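All remarks here apply to the structure that follows.
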Amino acid sequence: MKRASIFNAPLVGVAYRHLLLSSRRGPRLLGLAILALVFIARTARQWATAGQLRLVAALLVAACEAALFTRPLLLLMMAVAGATALIMAVAILPDDETGHRAGAEGFGGKLCENTVEAAVALLRREAAEGPLPHFPYLEFDVQETADGELAVFHDALLTRAFPTPSGSHNAAAAAQLEEATGVPFHLLTLRDLTFAQLQSLELGGQPGLKVPSLQQFLE
């Protein structure tokens, strides 16, 4: 889901460059007021389904920002109010559990998290059933391998994603990786391996199911 940027409109750009960055107090306050109003309007539009609470949250955040420039003694009070409002707003943000980790959770089911297969299955489901609940966007995780390849993978360690029961393909691959890196498999991270080495492991122990590169995932 595309989120609006506060700096992507001409009026906002003018207010930022020529007013907020001015050396004079008056233009700075005017620029701040314009940015605050734009922020409030866009937040209200983007979160319209959440009702008045989010609008109040946006107002409080904008007031906190204004306090930083106009009345520093009120900053602490406004910061507390703004933080409280943000917590309340985040609490009612649309749940993204449907699109979380590309539409799957864990590695024990038919579909594994952060895989092309899981994402395709979710998008096909939406095409067949219409808009899905709790699906504001598709979320996935990206890490960099030892040779600079971007891979779609969540965990810091490899053990949850790649079970290594005795006699399995992953057990043999894990032994080779330990020998190549000098690091016990249960301590290996994705950053310790090249992308080619990572491809020697099978997600969830499922034959042929590999960690995709970011390019593969997006294609």
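For clarity, every value in this text was computed on a predicted model and none was experimentally measured.
For His154, the side-chain hydrogen bond (donor to acceptor under 3.5 Å, both in side chains) partners two or more places apart in sequence, or in a different chain, are Arg101. Judged as a side-chain hydrogen bond (donor to acceptor under 3.5 Å, both in side chains), and not counting sequence neighbours, Asn170 has no contacts. Contacts of Asp155 classified as side-chain contact (heavy atoms from CB on, under 4.5 Å), with partners at least two apart in sequence or in another chain: Glu113, Phe153, Arg160. For Gln206, the side-chain contact (heavy atoms from CB on, under 4.5 Å) partners at least two apart in sequence or on another chain are Cys112, Leu209. Among residues two or more places apart in sequence or in another chain, the side-chain hydrogen bond (donor to acceptor under 3.5 Å, both in side chains) test is passed with Thr145 by Asp147. For Gln176, there are no side-chain hydrogen bond (donor to acceptor under 3.5 Å, both in side chains) partners, not counting sequence neighbours. With sequence neighbours left out, the side-chain contact (heavy atoms from CB on, under 4.5 Å) criterion links Gln215 to Ser213, Glu219.
Residues Val152 and Leu150 fall within the same hydrophobic cluster, defined by Ile, Leu, Val, Met, Phe, Trp and Tyr side chains chained together at heavy-atom separations under 4.5 Å. Linking Ile, Leu, Val, Met, Phe, Trp and Tyr residues whenever their side-chain heavy atoms come within less than 4.5 Å places Val211 and Leu158 in a single cluster. A single hydrophobic cluster is seen to contain both Leu201 and Val183, as judged by linkage of ILVMFWY side chains at heavy-atom distances under 4.5 Å, directly or through other members. Clustering ILVMFWY residues whenever any of their side-chain heavy atoms sit less than 4.5 angstrom apart, transitively, puts Phe162 in the very cluster that holds Leu187.
Among residues at least two apart or in separate chains, ring pair (Phe, Tyr, Trp, His ring centres under 6.0 Å) pairs with a member in residues 182-219 are Phe140-Phe217. Among pairs with a residue in residues 198-207, none fulfils salt bridge (charged side-chain N to carboxylate O under 4.0 Å, His left out), at least two apart in sequence or across chains. Evaluation of the salt bridge (charged side-chain N to carboxylate O under 4.0 Å, His left out) test over residues 177-194, restricted to residues two or more places apart or in two chains, returns none. Note on residues 107-131: no pairs pass ring pair (Phe, Tyr, Trp, His ring centres under 6.0 Å), not counting sequence neighbours.
Atom CG of Leu157 sits about 8.5 Å away from atom CG of Leu188, to the nearest 0.5 Å. In this structure, Leu198 CG and Glu149 CD are separated by 10.0 Å, a value rounded to the nearest 0.5 Å. Atom-to-atom distance recorded for Gln197:CD and Leu177:CG is 6.0 Å, nearest 0.5 angstrom.
Closest non-hydrogen pair, Gln216 versus Pro212, comes out as OE1-CA, 3.3 Å. For the pair Ser168 and Pro163, the tightest heavy-atom approach, listed with the atom from each and the gap, is OG-O, 4.5 Å. When every heavy atom of Ala146 is checked against every heavy atom of Thr194, the shortest pair comes out as CB-N, 4.0 Å. Across all their heavy atoms, Ala171 and Pro165 have their closest contact at CB-O, 3.4 Å.
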Side-chain donor-acceptor pairs of residues 116-124 under 3.5 Å, sequence neighbours excluded:
none

